[in-house]
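First up is the structure itself, then whatever we jot down about it.
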Amino acid sequence: MSETTDKKDFIREIIDGDLASGKHETVITRFPPEPNGYLHIGHAKAICLNFGLAQEHARVKAKCHLRFDDTNPSKEETEYVESIKEDVKWLGFDWGENLYFASDYFEYFYDCAVELIKQGLAYVEDDSLEEVRAKRGNVNTPGRRSECAERSVEENLDLFARMRAGEFKNGEKVLRAKIDMAAPNMNMRDPVLYRIMHAHHHNTGDAWCIYPMYDFAHPLEDAKEHITHSLCTLEFEDHRPLYDWFIEHCPVPSTPRQIEFSRLNINYTVMSKRKLLQLVQEGHVAGWDDPRMPTISGMRRRGYPPEALRSFVVGTGITKFKGTTDVAVLEHEVRDYLNKEAPRRMAVLDPVKVVLENWDEQPMDTASVPNHPQNPDMGERQIPISSEVYIERDDFMEDPPKKFFRLGPERYVRLRGGHIIQCTGYDKDADGQVSLIKAKILPDTVGQDAPEGVKCKAAIHWVDAATSVDAEVRLYDRLFNCEDPDGAEGGFLSALNPDSLATVQAKVEPALADCEAGFSCQFERTGYFVADSKDHAPGKPVFNRTVALRDSWGKQSGR
RNA sequence: AGCCUCAUAGUGUAAUGGUAGCACCCCGGAUUUUGAUUCCGUUAGUCUAGGUUCGAAUCCUAGUGAGGCUACCA
């Protein structure tokens, strides 16, 4: 699937309209994460949208800012700032000079608040959180305004200055906008602008003890940066009137417009930062970048290429419809990219030794194996081979059914890139498990079709017993085995897949050995892909073994 | 209950008054030194009822269904 599209979603329509009408001469967007967790695939949608818009409008010098919305010091950490930058870069986007922190505007926010007070549009509230809540009413009943709303401008100015000066304790006072306590939109019932929080801020240290609320700060941040189109998710729809109210009543250098779109939902996946944090803190996963996590860093470690993530989120489109995308679409994009771009390697996850009894009849030092079956430009590699090789346990059956095409007593199969072999016998251990397979090579079958009368329909993975490398391979599956973990009866933790991680002692070809701590992901049809654990770079070798997971010969399954 | 938003195959998304198309999933066939890939094919859709119009997924009205809002989170 293409990463670019001619299709115009409603946001692009609006932007084109604004450009055409002359309302704006350029487009400036922003990606404004709060640094309180790692980025996940849902953020990738916002990143691709905002940065993508800037790229598409390069002709009018469009830009996309990276802005950390760090107005709540109790939840934010520098570690998250760094990981977010890394993930945005890895996804393939560049904010250039345009890196900002909401906390750098604290003085400006303060000035705006003072200005609102002077206009009689904001007041200092003495009521406790509980009282404020009780007086706000609910969706059916209008709220009651506190007596504090009657304070004079001078008194409010004085009180607000003393809030900043640290004269009050947390929760003792709060600054509110004076709007409409009977508004059907609850956000307009005298929303809180500033709260007192004696806390250390990752950027401003101890300079402040009052911090602005999102609703107040965000439109001002956008205006300050001359953002033309402020894109956010659907849950902020009801906040837009408030957004516009602040733009109207504060001294702003520009008038940004908020536009909402639907956030990304994927089945078998939890996307809330709170839940992801819980998975990390309670040790259900190894960390934010555990390959099973839907985080950008987790997917990176799992071998998902950034190209696939981008084409996936672009493909799901921008709408206001709240749907759930099938995780199979994501997996398809990953497979699609890896299939085209990744050089192939061989590995055996559950090895059984095969002795080639007549090796002397046509011995080879190396087998020549193409690095990519459809792309000769990737060349071939020479893999050492000798009279003893390992093959996958699943590739041999003592009593194979009719449509099993691989090895069995008297049967033929090709060693990929090598000879066709025929099984001549096998040993079993005390447990009845096959411990050794004996076979003979058919001379003159390397690179040749099967001779007359030889039924050989499959080519299997193998590694040389003498030169293969032992490797611990971790196999990853979906973290949740329930389509809607958020809606699981026993909570999302009860939907955790106990088999999401398995470790096997595999034997891999030497060329795969540099993929240290290799891991794989299991796709329903495609079997395993193994990539490097640190990063997926273009051209990184991939172990792509295909087995019949949904077999045509019967019920037994590949895994 | 009040306000806001949304509704197109199983899923996601196009079609801005003119033949409802694409992708994923599913199923079938051909090719194949990965049971993969590739190629071809099948199934399947405009929430309901009215209205405007030569013509409606699209515009209007009502209804139904789904989601959001009652943090000193973002």
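Chain identifiers are assigned alphabetically (A, B, ...) following the order of the sequence lines, protein sequences preceding nucleic acid strands; residue numbering begins at 1 within each chain.
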Discussion item. Taking the P atom in each of B:G65 and B:A30, what is the distance between them to the nearest angstrom?
Written reply: 50 Å
Worksheet item: Contact class for A:L234 vs. all strands (heavy atom < 4.0 Å): base, sugar-phosphate, or nothing?
Response: nothing
Item to complete: Could you give the distance separating B:C4 and B:U43 at their C1' atoms, to the nearest angstrom?
Response: 39 Å
Item to complete: Looking at every strand, decide which applies to A:T324 at a 4.0 Å heavy-atom threshold: base, sugar-phosphate, or nothing.
Response: sugar-phosphate
Worksheet item: Which of the following nucleotides, B:U38, B:A74, B:G35, is nearest to the side chain of A:D336?
Response: B:U38
Discussion item. Suppose we call a contact any N or O donor and acceptor under 3.5 Å apart; does that hold for the side chain of A:D326 and the base of B:G12?
Written reply: no
Worksheet item: B:G51 and B:G17: how far apart are their C1' atoms, nearest whole angstrom?
Response: 16 Å
Worksheet item: Hey, what do you get for CD1 (A:I385) to OG (A:S468), rounding to the nearest 0.5 Å?
Response: 11.5 Å
Worksheet item: Can you find a pair of side-chain heavy atoms, one from A:Q448 and one from A:V446, that are under 4.5 Å apart?
Response: no
Worksheet item: What integer number of Å spans the P atoms of B:U38 and B:C54?
Response: 49 Å
Worksheet item: What's the closest nucleotide to the A:E237 side chain, out of B:A74, B:C4, B:A14?
Response: B:C4
Discussion item. Please report the distance separating the P of B:U13 from the corresponding atom of B:G55, rounded so that it comes out in whole Å.
Written reply: 32 Å
Practice prompt. Classify the nucleic acid contact of A:G447 as base, sugar-phosphate or nothing, counting any heavy atom under 4.0 Å across all strands shown.
Written response: base
Worksheet item: B:C3 and B:U61: how far apart are their P atoms, nearest whole angstrom?
Response: 16 Å
Worksheet item: Quick one: is B:G35 close enough that its OP1 or OP2 comes under 4.0 Å of any side-chain N or O from A:R414?
Response: no
Worksheet item: Under 4.5 Å between any side-chain heavy atoms of A:V132 and A:R176, yes or no?
Response: yes
Worksheet item: Can you tell which of B:C25, B:C6, B:C4 lies closest to the side chain of A:F321?
Response: B:C6
Worksheet entry | B:A9: syn or anti, per glycosidic angle within 90° of 0 | anti
Item to complete: Can you figure out which of B:C24, B:G67, B:G2 approaches the side chain of A:P184 most closely?
Response: B:G2
Response to the item:
Within residues 131-140 of chain A, the residues having a heavy atom closer than 4.0 Å to RNA chain B are A:R133, A:R136, A:G137, A:N138, A:V139, A:N140
Practice prompt. Indicate, with a heavy-atom threshold strictly under 4.0 Å, whether A:M213 touches base, sugar-phosphate, or nothing.
Written response: sugar-phosphate
Discussion item. Need one value for A:G323: base, sugar-phosphate or nothing, where a base atom within 4.0 Å counts as base even if backbone is also close, heavy atoms only.
Written reply: sugar-phosphate
Fill in: Shortest side-chain distance from A:K403, nucleotide among B:C69, B:G35, B:A14
B:G35
Discussion item. Once you apply a heavy-atom cut-off of 4.0 Å, does A:K457 come out as touching a base, just sugar-phosphate, or nothing?
Written reply: nothing
Discussion item. Can you say whether a donor on the side chain of A:Q374 sits under 3.5 Å from an acceptor on the base of B:A36, or the other way round?
Written reply: yes
Worksheet item: Rounding to the closest angstrom, what is the interatomic distance between B:U16 and B:U11 at atom P?
Response: 24 Å
Worksheet item: Taking OP1 and OP2 of B:A74, is either one under 4.0 Å from a side-chain nitrogen or oxygen of A:T71?
Response: yes
Fill in: Distance, P atom - from B:A15 to B:C72, rounded to whole angstrom
40 Å
Worksheet, complete the sentence: Per the 3.5 Å Watson-Crick/G-U criterion and a run length of at least three, the stems involving RNA chain B are B:2-7 with B:64-69, B:10-13 with B:21-24, B:27-30 with B:38-41, B:47-51 with B:59-63
Worksheet item: Using a cut-off of 4.0 Å on non-hydrogen atoms, how would the nucleic acid contact of A:Q448 be classed: base, sugar-phosphate, or nothing?
Response: base
Worksheet item: Base, sugar-phosphate, or nothing for A:T141, non-hydrogen atoms under 4.0 angstrom?
Response: nothing
